[in-house]
Amino acid sequence: MATFALIHGGGDVGWYWHLVERELGQRGHETVAPDLPCDDDSAGLGEYADTVVDAIGDRRDLVVVGQSYGGFTAPLVADRLAVDALVLVAGMIPAPGETPADWWDNTGYRQAVQEQARRDGGKTGSEDPFVVFYHDVPRALAEEALSKERSESDTAYHSPWPLDAWPVVQTRFVLCTEDRFFPADFMRRVVAERLGITPDEIAAGYCVALSRPRELADMLAGFATRR
C-alpha cells in the first residue's frame, strides 16, 4: 500500500482532498493533505515544500500529488524525498527559474482561454466560480469549498521555481476534459512541451477531487500499483 501526499492549489486548504482521502483509505492507502502556508507572507515555495515534507514524516512508498498551483510544490517534495511517483492533477507545470506569476504568459494561457471561451459561449474563464470551477460539483459542496478559501501571498507567487530540471521520477498527469479554467487542448500542449508525456484523461471539471472523487482515487491507486 502507498502513502499519498496530496497538495492543494492556490488559496485552498487540505480539505479539498477529503473525499479522495476517504476513497483511498477504503482501498488500504494512507494519505496526508496539509494546509500550505499560502496566507503567510513570509513563506515561499521552499516553505510550502517544507510543510508537505513535515506532514509526510517517515512514511514510505510515497506518491506525491499536486493540484493546480500545487504543481509548483509537488516536484520540490519529489526532489527531496524517495518518491515512487509524482502526479499532477490539472496542475501547473513549472520550468526552471520560472515564477508562478510568469507561468501564465509563458504558456500562452490567456490566449487559450479566450479561444475556448469563443467556442463555449464564455463559460471558460467566466468570473462566476460556480461556472468555471464548480460546474460539475454539487452546489452545497461547492459552497462549502468556497467558504474555505484563503488568501494567497505574493511571496511564493513571485518566487522562481528553484530546480534546474524536473525530478527523475515517474510522472503522470491527470487532465480534466471538462475543465473551464485550464482548457483541455491547452493543457495537452503544455504537458507535451514541458513533460514530454501523454496525460491520463478524466471526464471532469477543474475541481475533480470534489466532483469525481471515486474515479480520481481509482486513477491514483492505479498509478501506485504500476509505480
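Throughout, numbering of the chain's residues begins at 1 and tracks the sequence. Heavy-atom basis, side chains included; hydrogens, waters and symmetry copies ignored.
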Between Gln170 and Asp84, a side-chain donor and acceptor under 3.5 Å: no

Polar contact flag, side-chain donor to acceptor under 3.5 angstrom, Asp128-Ser126: no

Which atom of [X] lies closest to which atom of [Y], heavy atoms considered:
{"X": "Ala217", "Y": "Leu24", "answer": "O-CD2, 3.8 Å"}
{"X": "Gly14", "Y": "His8", "answer": "N-CD2, 3.5 Å"}
{"X": "Glu127", "Y": "Pro129", "answer": "O-CD, 3.4 Å"}
{"X": "Lys123", "Y": "Asp120", "answer": "N-OD1, 3.0 Å"}

Got [X] and [Y] here, is their nearest side-chain heavy-atom distance under 4.5 Å?
{"X": "Arg172", "Y": "Leu86", "result": "no"}
{"X": "Val208", "Y": "Glu178", "result": "no"}
{"X": "Cys176", "Y": "Phe182", "result": "no"}
{"X": "Leu146", "Y": "Phe130", "result": "yes"}
{"X": "Val53", "Y": "Val77", "result": "yes"}
{"X": "Ile202", "Y": "Val174", "result": "yes"}
{"X": "Trp15", "Y": "Glu144", "result": "yes"}
{"X": "Asp79", "Y": "Trp166", "result": "no"}

Which distance, rounded to the nearest 0.5 Å, do you find between the [atom1] of [X] and the [atom2] of [Y]?
{"X": "Leu45", "Y": "Tyr157", "atom1": "CG", "atom2": "OH", "answer": "12.0 Å"}
{"X": "Asp12", "Y": "Arg150", "atom1": "CG", "atom2": "CZ", "answer": "7.5 Å"}
{"X": "Leu6", "Y": "Leu220", "atom1": "CG", "atom2": "CG", "answer": "7.5 Å"}
{"X": "Thr51", "Y": "Asp40", "atom1": "OG1", "atom2": "CG", "answer": "9.0 Å"}
{"X": "Ile7", "Y": "Tyr16", "atom1": "CD1", "atom2": "OH", "answer": "13.0 Å"}
{"X": "Trp103", "Y": "Met92", "atom1": "CH2", "atom2": "CE", "answer": "5.0 Å"}

Sidechain-backbone polar pair: [X] side chain, [Y] backbone, donor-acceptor under 3.5 Å:
{"X": "Trp17", "Y": "Val13", "answer": "no"}
{"X": "Glu47", "Y": "Gly44", "answer": "yes"}
{"X": "Arg59", "Y": "Ile56", "answer": "yes"}
{"X": "Asp179", "Y": "Gly205", "answer": "no"}

Distance flag, aromatic centroids of His29 and Phe4, threshold under 6.0 Å: yes

Ring centre gap for Tyr206 and Tyr134 strictly below 6.0 Å: no

Is it true that, when you exclude [X] itself, more than 12 heavy atoms of the residues, nucleotides or ligands shown sit nearer than 6.0 Å to its [atom1]?
{"X": "Asp54", "atom1": "CG", "result": "yes"}
{"X": "Gln111", "atom1": "CD", "result": "no"}
{"X": "Arg189", "atom1": "CZ", "result": "yes"}

Plane angle bin for Phe181 and Phe133 - parallel if under 30°, tilted between 30 and 60°, otherwise perpendicular: tilted

Arg119: side chain to side chain contact (heavy atoms under 4.5 Å, CB included) partners, not counting sequence neighbours: Glu115, Gln116, Asp185

Thr155/Asp41 under side-chain hydrogen bond (donor to acceptor under 3.5 Å, both in side chains): CA gap, chis, key distance, verdict: CA-CA 6 Å; Thr155 303; Asp41 287 335; 4.7 Å; no

Val131 reachable from Val113 in the ILVMFWY side-chain graph, under 4.5 Å edges: no

From CA spacing to verdict: side chain to side chain contact (heavy atoms under 4.5 Å, CB included), His135, Arg180: CA-CA 9 Å; His135 61 92; Arg180 295 176 180 171; 3.3 Å; yes

Thr99 and Trp161: CA distance, side-chain angles, deciding distance, side-chain hydrogen bond (donor to acceptor under 3.5 Å, both in side chains) verdict: CA-CA 6 Å; Thr99 69; Trp161 194 63; over 6 Å; no

Side-chain ion pair, Glu23 and Arg212, N-O less than 4.0 Å: no

